[in-house]
Amino acid sequence: MTKRKIKIDYRIGIHLFFIIFSLAFIIPFIYVLSISFSNDMDIKQYGYQFIPKTFDLGAYTYVFQNPEQLLSSYKITTFTSLVGTFCSVMIMALMAYPLSRSNFTYRKQVSFFVFFTMIFGGGLIPSYILITKYLRLGNTVWIYLFAGLANAWHIIIMRTFFQSLPSALVESAKMDGAGELKILFRIIMPLSKPVIATISLFILLQRWNDWATALVYINNKRLYTLQFLLQRILREAEFINTMMNEGMDNHLVGGMINIPTESIRFAMCVVAAGPMLIIFPFFQKYFVKGLTIGSVKG
Amino acid sequence: MTSAKPKLGKDRAKLKTNRRFASFKSNAEFFLLCLPGLLYFFVFHYLPMGGILIAFKEYNYKLGIFGSKWIGLKNFEFFFLSQDAWRITRNTVGYSFLFMLTGMFSAVLVALLLNELKNKSLIKYYQTTMILPHFLSWVIVAFITFIMLNPAYGVLNKALISLGFEERQWYSEFKYWPPILTISNVWKHVGMSSVIYYSSLMGADKEMYEAATIDGAGRFKQAIYISIPFLVPIMTIMLILNLGNVFRGDFGLFYQVPRDIGALYPATDIIDTYVYRGLFSGSIGMASAVGFFQSFIGLFMVAVSNQIIRKINPENSLY
């Protein structure tokens with residue numbers, strides 16, 4: 001009897017630990033929300049509050065009245081995420097398929113060509129010079145598309161998965177006179193949905209959260225990604241002011257001095273990052289699966 | 001009969017050329033499929049590798065990579081004689097090891113504790129909350145650390161004051177930053193990396209635990225003598241794989257969370273942030289020397305770590 005009691009007790013201890021520990025992951029989000037619904041007077045007086053002293057929608061009013069910058073960042077981020085992910089998956093599948101076929105004579109050489117980029121690279125400065133000076137992709141939307149278009153590791157994962165499919169499928173399709181492209185799209189890809197879905201989500205998350213590309217290559221405000229917009233908003237109160245004044249008529253500017261920059265900063269964070277943050281965790285199982293797929297040898 | 005033989009030989013020859021043609025045709029087809037990817041890797045990965053020679057030149061934007069003047073090892077001299085060299089190398093490598101150890105310790109601990117629990121829906125809840133930061137960019141994490149550390153309105157300073165302590169200037173004194181960066185890093189990664197260990201514990205032999213219980217070993221002893229040894233191989237692999245990257249830091253963490261504040265550089269500047277700043281502050285020469293140094297040491301470290309893994313467990317080697 002006593003032994004059983006002890007057993008229950010120690011589990012309760014662990015549960016208690018995890019309940020407190022998981023609060024460390026939830027409380028920050030509540031803070032972000034609360035601050036976005038506070039007013040700046042309260043923040044200045046009491047600091048950031050876990051629950052707003054007075055519930056104030058002022059910050060959101062400002063954000064939604066001046067949505068130009070936010071909308072263009074949403075457009076850019078959505079475009080690069082969707083189009084970029086699609087192009088990446090296509091290019092990588094096209095490359096992974098020949099590498100999975102044993103009758104491709106130059107399989108080893110091409111594999112090495114791809115693989116070597118994983119362990120050696122020129123680094124930031126040569127890439128920067130190449131992209132801005134020679135390719136002239138700086139400050140254009142195309143840089144988002146080309147930066148990280150293909151990834152050696154993802155190609156290796158796809159190739160390994162393609163290899164695991166029965167080769168009889170490919171051979172019988174060849175008998176029927178199908179070309180390689182047709183075999184890839186009609187037979188291999190439909191059977192590889194799990195790996196394609198996992199890799200697509202990886203890339204989508206990466207592109208949606210990308211700020212570094214904009215940091216290095218973009219000056220034009222209209223081409224900012226959401227995350228880079230948020231970085232500027234977090235760093236510079238001045239940036240919030242100009243953003244909020246943009247949509248205003250000149251005669252109104254005089255009345256815009258008391259912009260609640262503190263709460264706007266966090267309202268922007270909620271509006272810009274919130275929606276996808278709610279969506280991504282639903283795909284958690286794919287991300288977790290990706291970890292185990294990744295451990296398959298290349 | 002005599003005429004049949006040469007005919008057969010002719011057929012054979014024809015078959016051979018047919019086969020050769022077929023193999024040529026499929027190889028050509030394969031190359032065509034690879035072409036977009038090959039082009040991408042050539043332009044965006046191999047051309048910059050050549051551009052690494054910029055480290056031996058005095059870069060002039062107008063003259064470009066080819067036109068700029070060769071200056072030999074001048075850039076390296078400047079860099080290694082500057083006080084930055086030691087600082088950023090120490091920070092990069094130091095944090096890599098610190099994160100490796102704290103990251104692994106926290107992930108294994110969480111996995112071991114989760115392994116003790118039975119309630120599926122609560123386990124799921126804990127895991128989901130811990131994985132949330134995986135979906136955040138470092139920019140959002142920087143918002144959160146800003147809420148905590150803001151000197152005037154921040155949660156930590158308010159808490160310190162209400163407990164009767166003095167407030168601290170988190171963003172102007174670098175001595176606070178090693179723990180802040182370590183905690184941020186653990187916070188962001190512990191959920192996802194514990195999944196690896198937790199799911200491999202699921203595969204541990206249940207009979208071992210039963211036998212241990214019969215022998216009178218408590219849960220704690222079982223964790224020490226069964227679970228941890230069971231995880232050791234995968235922990236070793238993770239450590240060695242990370243070893244290949246000790247000269248690379250997480251640019252996002254070190255650039256976003258300390259907000260690129262100069263006073264904090266002694267504790268927050270790593271090779272990656274230094275190179276980035278060099279690019280935009282006009283000291284391209286020195287920054288490209290650092291980049292060169294980082295690329296080659298990186299290659300060397302990966303080769304070493306892979307060699308070790310090949311000895312221990314060839315299954316997990318990179319090549």
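So that the names make sense, note that chain A is the first sequence line, chain B the second, and so on, each numbered from 1.
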Turns out that what part of B:K62 lies under 4.5 Å from chain A's heavy atoms comes down to backbone

May I ask you to check whether A:F29 and B:F143 place their ring centres under 6.0 Å from each other? no

Checked A:A273, A:P126, A:A147 vs chain B; the most non-hydrogen pairs under 4.5 Å come from A:P126

Any donor-acceptor pair under 3.5 Å linking the side-chain atoms of A:Y106 with those of B:N27? no

Please state whether the side chain, the backbone, both or neither of A:D42 comes within less than 4.5 Å of a heavy atom of chain B. neither

Chain A contact via B:Y40 - side chain, backbone, both or neither, heavy atoms under 4.5 Å: side chain

Could you measure the distance from the CE atom of B:M192 to the CD atom of A:Q284? Nearest 0.5 Å is fine. 7.0 Å

Which one, A:F21, A:Y46, A:Y134, leads in non-hydrogen pairs under 4.5 Å with chain B? A:Y134

Heavy-atom pairs under 4.5 Å with chain A, option from B:F292, B:F42, B:F296 with the top count: B:F296

Please check if the side chain of A:S22 supplies one atom and the backbone of B:T129 the other of a donor-acceptor pair under 3.5 Å. no

So which of B:L47, B:L32, B:I65, B:I196 has the largest heavy-atom pair count under 4.5 angstrom toward chain A? B:I65

Could you tell me how the ring of A:F280 sits relative to the ring of B:F135: parallel (under 30°), tilted (30 to 60°) or perpendicular (over 60°)? parallel

With respect to chain A, which residue among B:H45, B:M301, B:R259, B:H134 yields the maximal number of heavy-atom pairs within a distance under 4.5 Å? B:R259

Walk me through whether A:R235 and B:D260 qualify under side-chain contact (heavy atoms from CB on, under 4.5 Å). CA-CA 10 Å; A:R235 295 264 180 100; B:D260 203 18; 3.8 Å; yes

Are A:F113 and B:Y46 close enough that their ring centers fall under 6.0 Å? yes

Of the backbone (N, CA, C, O) and the side chain (C-beta and beyond), which part of B:L299 lies under 4.5 Å from a heavy atom of chain A, both, or neither? both

Side chain to side chain contact (heavy atoms under 4.5 Å, CB included) partner of A:L124, the single match among B:L279, B:D272, B:V290: B:L279

Between B:F31 and A:F104, is the ring centroid distance below 6.0 Å? yes

Relative to each other, are the rings of A:W211 and B:Y255 parallel, tilted or perpendicular (30° and 60° limits)? parallel

Taking every non-hydrogen pair under 4.5 Å, which of A:I35, A:I43, A:L135, A:L23 racks up the most with chain B? A:I43

Among B:L114, B:V43, B:L53, B:I123, the residue with the most heavy-atom pairs under 4.5 Å to chain A is B:L114

